[in-house]
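What follows is a single structure, written as structure tokens, with notes after it.
Per chain, numbering begins at 1; letters A, B, ... match sequence-line order. Heavy-atom basis, side chains included; hydrogens, waters and symmetry copies ignored.
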Amino acid sequence: MSTFELPKTYDFSTTEQRIYAWWESQGYFKPSNDPAKPDFDPSIKPFVISIPPPNVTGELHLGHVAFISTEDLMIRYQRMRGVPALWVPGTDHAGIATQLQVEKLLAKQGIKREDLGRDEFERRTWEWKHKYGGQITQQIRRIGASCDWERERFTLDEGLSKAVREAFVRLYEKGLIYRGPRMVNWSPGLKTAVSDLEVEYSQEPGKLYYFKYMLADGSGEFIPVATTRPETILGDTAVAVHPEDERYQKYVGRMVTVPILGREIPVIADDYVDRAFGTGALKITPGHDPNDYAIGERHNLPLISMLDTTAHVNENGGAYAGMDRFEARKKLWADMQAAGLVIKEDAYTLNVPRSQRGGEIIEPMVSTQWFVRIAPLAKAAEAVIESGEIKIVPERFTKTFYNWLENIQDWCISRQLWWGHRIPVWYCQDCKETIVSRTDPTVCPKCGGSHLEQETDVLDTWFSSGLWPFSTLGWPEETPDYRYFYPTSVLETGYDIIFFWVLRMIMEGLEFTGQVPFHTVYLHGLIRDEHGQKMSKTKGNVIDPLPIMDEMGTDALRFTVLVGATPGNDMSLSTKKVEANAHFANKLWNAGRFVIGALENAPAAPVNAPDWTLADSWVWARLQTVIRDVDRLFTNYQYGEAGRQIYDFFWGDFADWYVEAAKLQLSEGGDRAFYTASSLVRVLDASLRLLHPFTPFVTEELWGLLKRAAQEKGAAYVPANGDENGWEAALIIAQYPLPTPVEDWEAAKTADFALLQEVVRAIRNLRTEKRVPPSRKIPAVIAAGDRLSVLETQRGAFALLAGIDPAAFILAASLNEIPANAVAIAVLGMEIYLPLEGLVDVEAERIRLQKEMDDVTTQIERLNTLLGSSFAERAPAQVVERERQKLITFQDTLARLRGQIESYQ
RNA sequence: GGGCGAUUAGCUCAGUUGGUUAGAGCAUCCGCUUUACACGCGGGAGGUCACAGGUUCGAGUCCUGUAUCGCCCACCA
């Protein structure tokens, strides 16, 4: 193999698929300590994540990319630390979403689900699931997700269905599930109840309708009432006023007549009524408004349902029966106008409840549903968050959790859908007994009759997804997986499904397993477009991750979503950022090519290991610092910052400086070259390990090449710790770099190299300013004072990095005479002269040096002020000393600048 | 109405134990086929860190208030 065999540009497209298939075939995605294996050791603590199961109907979007990248990063990190890491994948049957999809498909053929009947519809949905359900999991693989696919689950598969039944029956037996008529949010389009969370409110222009509620006694008196939904007049059973409202007190207890219908209903007093709003009198429709429902219960009002499941007026609506709700609104209002009952209509902004899925207007309706008595579960959930048994990251979201738990309403778990877990309840047609059972009963335990009919409702999707962390591990069976891997470690998800999912898992987990389902909740933000706008199809700003990965590679996209993110905060994503990170992947690739080339060209047989050069020591010290920082940042879930640090180190330190310095060392040949190649390998190896959780593909590919090249060469360092085969088999299971204690030499080497960098930069700067062509080697004279020894050892590196002709490079402690015809500058108390005959414009030099002196003087003044203040007494001695040293250096520099400027007089 | 977040370079954003002259990517300007990389290299310009107070020797970072934007929850007919 030679460098030239590796393409100049990293080819991710051929690499990614091959690497993923290889990882999977080698079994690297399986936990290293597995109850299924004979050498299983139950005492080793595993790291476990249950994937937030995407909808089986789903197509990959950036949200998926973000959470999968983050979870994969956590899993890969732990795996590389030697922790048995299990990531359980799977998909959710997503009741409403999937049913809608299939219905839409059928609609194209002109078929309604009712035409097929329940069984056939279910059969076709399964068919559809088998056909397309694999799409999303394939796309998840594409991102590089190192899930244990042999443990993949689906919320409707056999084991999970068993878990759902167990959960339902237990709650029922405990008296925590009840069935009854309640006011629910009804979706007329989907013809099912939906939960409060599935309703979204939108501000829309509407009208406030004012009309007369005539007294029934024929006196001609009336109470003015305002409503936004006139059609609900058909269901009115009272008019309410505030008990202390002087305008209406006299009517309380009397009867008024429902417009058009002519029913007589009472006027009641209730302090719920806001005297200042509208007319101060409120019509009460207990059947179609949650507040009215509550008032109705307080006052024992009859309840009239006047809409059917499709939101058409039913038989209680008299002449309006059969009309759509909005049609009825128009017609009724027109009729009332004709009857002289209308006062006025005002424009009014409504807060319209709409279905999150279908988008149609939700109608509050009373219907018989199944509910979970949630208060005891919520209380338990609150306790584990309060005690810290479950930690929320970022911490500020704990407030959100509490707030919701404290105001929680009973959970409506029944849905009138055909796709989902059918509620395990049977009704005996003979004796009307209700049977709740873990297994399908055949006869009624009470009367022995065999005419049993199962409840037609299915369970809310979130009822089953709430069981996910343990149902996927085998619960309710005490399986080896459940025993070993539960509770899981981290639940990573978006903050938008805290209520839907996270809290339900906590509540159900505590209830059914007696344990928290996970110890940490890590919440990520949402991905927005490059201007911070929410991505939506209507705005047309949706970025599809698949073509992005096709064009720029998976690693680039992963790195972008990981590094752009800070926990709990939304991030903006643009293709520009992905592009920049694709360049980073390419930078890695080319650094790899260089190192491999260096290995190949280095002499084969080492004689003596030479001392490390300053550059060798410096880059190693820098690397150790990065490793320590990354370790600390990972512990604090600061993945983005960790990635940035590695990026900066790799590009800014390793590639820009160390590789350049190494070129000189390599050119020396012999032992120096041999060991420099090994040093390059060592640093690159550590960098690849650090980066692997972020950009798994390019790092794995490169690491393999690097390892082989180092082995073949017999390098002093080969990127693999020994295992029984002699080598770590793959980067994915290689050890993550461990932080080491800070050693004394690090600070000194770092400072020395920083000195070199500063002087090199000053020279480069001068060169650019004087328009010296980069290729031209120039003479230089440096008076380095007490820094001479440091620079002396770095002569070669120095000359190379600054473009100095080594034959015309004078380094001295001090000069007897300032070189003539030279461009001069002073840095860190050192004088630098570049004899550039013909380029020296005395006047320009004086101006430049004067400006330099002004800058330095400003710094000196600042430091003088600072050190003259109480800072000197109060700040830690170390900090003060640092500033004092700085002042001395600046003063020294100023003196030298002054000397230089005088030489131009 | 209650809660939360954001406000840092032209744009998008980092900056979590308070401590150099506040950083990155993109954009921009100048110069470079320097034998890993032009998906690159070197150099530059660009910021009163929203505003007003406060704590501190020291504040982008901590506290209080204000403004603007955004999100969540609750919702008055």
Side-chain angles (χ1 to χ4, degrees), chain A residues 3 6 8-10 196 201 208-209 225-229 232 240 272-274 276-285 289-292 348 351 353 394 396-397 399-400 403-404 407 495-496 498-499 525-526 529-532 534 552 556 560 563-564 566 568-574 576-577 579-598 632-633 636 638 640-641 644 647-648 651-652 655-656 659-660 663 761 764-769 771-775 800 803 855 858-859 862-863 866 869-876 878-880 882-883 886:
Chain A
T3 309
L6 297 177
K8 268 178 128 176
T9 306
Y10 168 55
D196 293 350
Y201 290 85
L208 192 52
Y209 299 86
V225 172
T227 180
T228 55
R229 295 187 296 156
T232 61
Y272 168 78
V273 180
D274 178 357
F277 189 88
T279 65
L282 178 60
K283 64 187 240 16
I284 304 298
T285 320
D289 182 281
N291 292 308
D292 293 5
Y348 187 72
N351 222 359
R396 65 181 144 86
F397 279 103
K399 217 165 186 171
T400 312
N403 196 31
W404 192 72
N407 300 304
Y495 62 73
D496 53 329
I498 290 173
F499 308 132
L526 273 31
D529 76 0
E530 58 186 313
H531 301 293
K534 230 176 195 167
M552 297 185 267
T560 306
V563 166
T566 177
N569 286 0
D570 294 354
M571 68 168 295
S572 298
L573 187 130
S574 69
K576 285 262 173 75
K577 286 188 187 173
E579 206 180 324
N581 289 325
H583 293 172
F584 178 55
N586 192 54
K587 187 76 181 178
L588 275 171
W589 179 254
N590 275 291
R593 285 177 70 218
F594 174 79
V595 174
I596 290 166
R632 175 177 54 82
L633 290 164
N636 297 324
Q638 306 280 317
E641 184 58 19
R644 217 174 342 261
Y647 177 105
D648 288 345
W651 202 317
D656 287 349
V659 165
E660 292 308 312
K663 283 176 183 170
R761 285 199 186 102
R764 284 175 176 170
N765 193 335
L766 273 182
R767 292 180 58 116
T768 301
E769 204 168 319
R771 301 189 173 276
V772 177
S775 51
L800 180 78
D855 290 349
T858 308
Q859 292 304 321
R862 186 183 64 83
L863 287 165
L866 180 66
S869 72
S870 46
F871 167 79
E873 297 137 39
R874 306 260 197 131
Q878 213 183 344
V879 176
V880 176
R882 205 158 58 207
E883 298 303 308
K886 239 184 296 179

Under 4.0 Å: is that the gap between some side-chain N or O of [X] and OP1 or OP2 of [N]?
{"X": "A:K576", "N": "B:C13", "answer": "no"}
{"X": "A:K577", "N": "B:G25", "answer": "no"}
{"X": "A:Y348", "N": "B:A77", "answer": "yes"}

Under 4.0 Å, heavy atoms only, any strand: does [X] hit a base, just the sugar-phosphate, or nothing?
{"X": "A:S775", "value": "nothing"}
{"X": "A:R767", "value": "nothing"}
{"X": "A:P876", "value": "base"}
{"X": "A:K663", "value": "base"}
{"X": "A:Q638", "value": "base"}
{"X": "A:Y209", "value": "nothing"}
{"X": "A:A875", "value": "base"}
{"X": "A:V659", "value": "base"}
{"X": "A:A240", "value": "nothing"}

Using purine N1 to pyrimidine N3 plus N6-O4 or O6-N4 for Watson-Crick, or N1-O2 and O6-N3 for G-U wobble, both under 3.5 Å, which nucleotide pairs with [N]?
{"N": "B:C11", "value": "B:G25"}
{"N": "B:A38", "value": "none"}
{"N": "B:G70", "value": "B:C4"}
{"N": "B:C51", "value": "B:G65"}
{"N": "B:C76", "value": "none"}

Could you work out which one of [options] sits closest to the side chain of [X]?
{"X": "A:Y201", "options": "B:C75, B:C72, B:C26", "result": "B:C75"}
{"X": "A:N291", "options": "B:G19, B:C75, B:C26", "result": "B:C75"}
{"X": "A:N590", "options": "B:C73, B:C37, B:G19", "result": "B:C37"}
{"X": "A:F594", "options": "B:A14, B:A36, B:G40", "result": "B:A36"}
{"X": "A:N765", "options": "B:U20, B:G44, B:A77", "result": "B:G44"}
{"X": "A:D656", "options": "B:C75, B:G42, B:A14", "result": "B:G42"}

With hydrogens left out and only the distance checked, is there a donor-acceptor pair under 3.5 Å joining A:N403's side chain and the base of B:C73? no
Exercise. Does the base of B:C4 carry an N or O that pairs as donor and acceptor with the side chain of A:K399 under 3.5 Å?
Worked result: no
When rounded to the nearest 0.5 Å, the distance separating CH2 of A:W589 from CG of A:N586 is 9.5 Å
[N] [atom2] sits how many Å from [X] [atom1], rounded?
{"X": "A:I498", "N": "B:C72", "atom1": "CD1", "atom2": "P", "answer": "12 Å"}
{"X": "A:M571", "N": "B:G70", "atom1": "CE", "atom2": "C1'", "answer": "17 Å"}
{"X": "A:E641", "N": "B:U61", "atom1": "CD", "atom2": "P", "answer": "18 Å"}
{"X": "A:E660", "N": "B:G42", "atom1": "CD", "atom2": "P", "answer": "8 Å"}
{"X": "A:E883", "N": "B:U21", "atom1": "CD", "atom2": "C1'", "answer": "10 Å"}
{"X": "A:N586", "N": "B:C37", "atom1": "CG", "atom2": "P", "answer": "10 Å"}

Residue pair A:R764/A:P290 against RNA chain B: nearer the 5' end by closest nucleotide is A:R764
Comparing A:T768 with A:A582, nearest RNA chain B nucleotide closer to 5' gives the residue A:A582
**Asked** Is the NZ or CZ atom of A:K663 positioned over A:F594's six-membered ring, under 6.0 angstrom from the centre and within 45° of the axis?
**Response** yes
4.5 Å side-chain heavy-atom contact, A:Y495 and A:D570: yes
Check: Any side-chain heavy atom of A:K283 sitting closer than 4.5 Å to one from A:T232?
Finding: yes
Under a 4.0 Å threshold between the charged nitrogen and the carboxylate oxygen, would A:E641 count as salt-bridged to A:R644? yes
**Prompt:** Parallel, tilted or perpendicular: which fits the ring planes of A:F584 and A:Y647, with parallel below 30° and perpendicular above 60°?
**Reply:** tilted
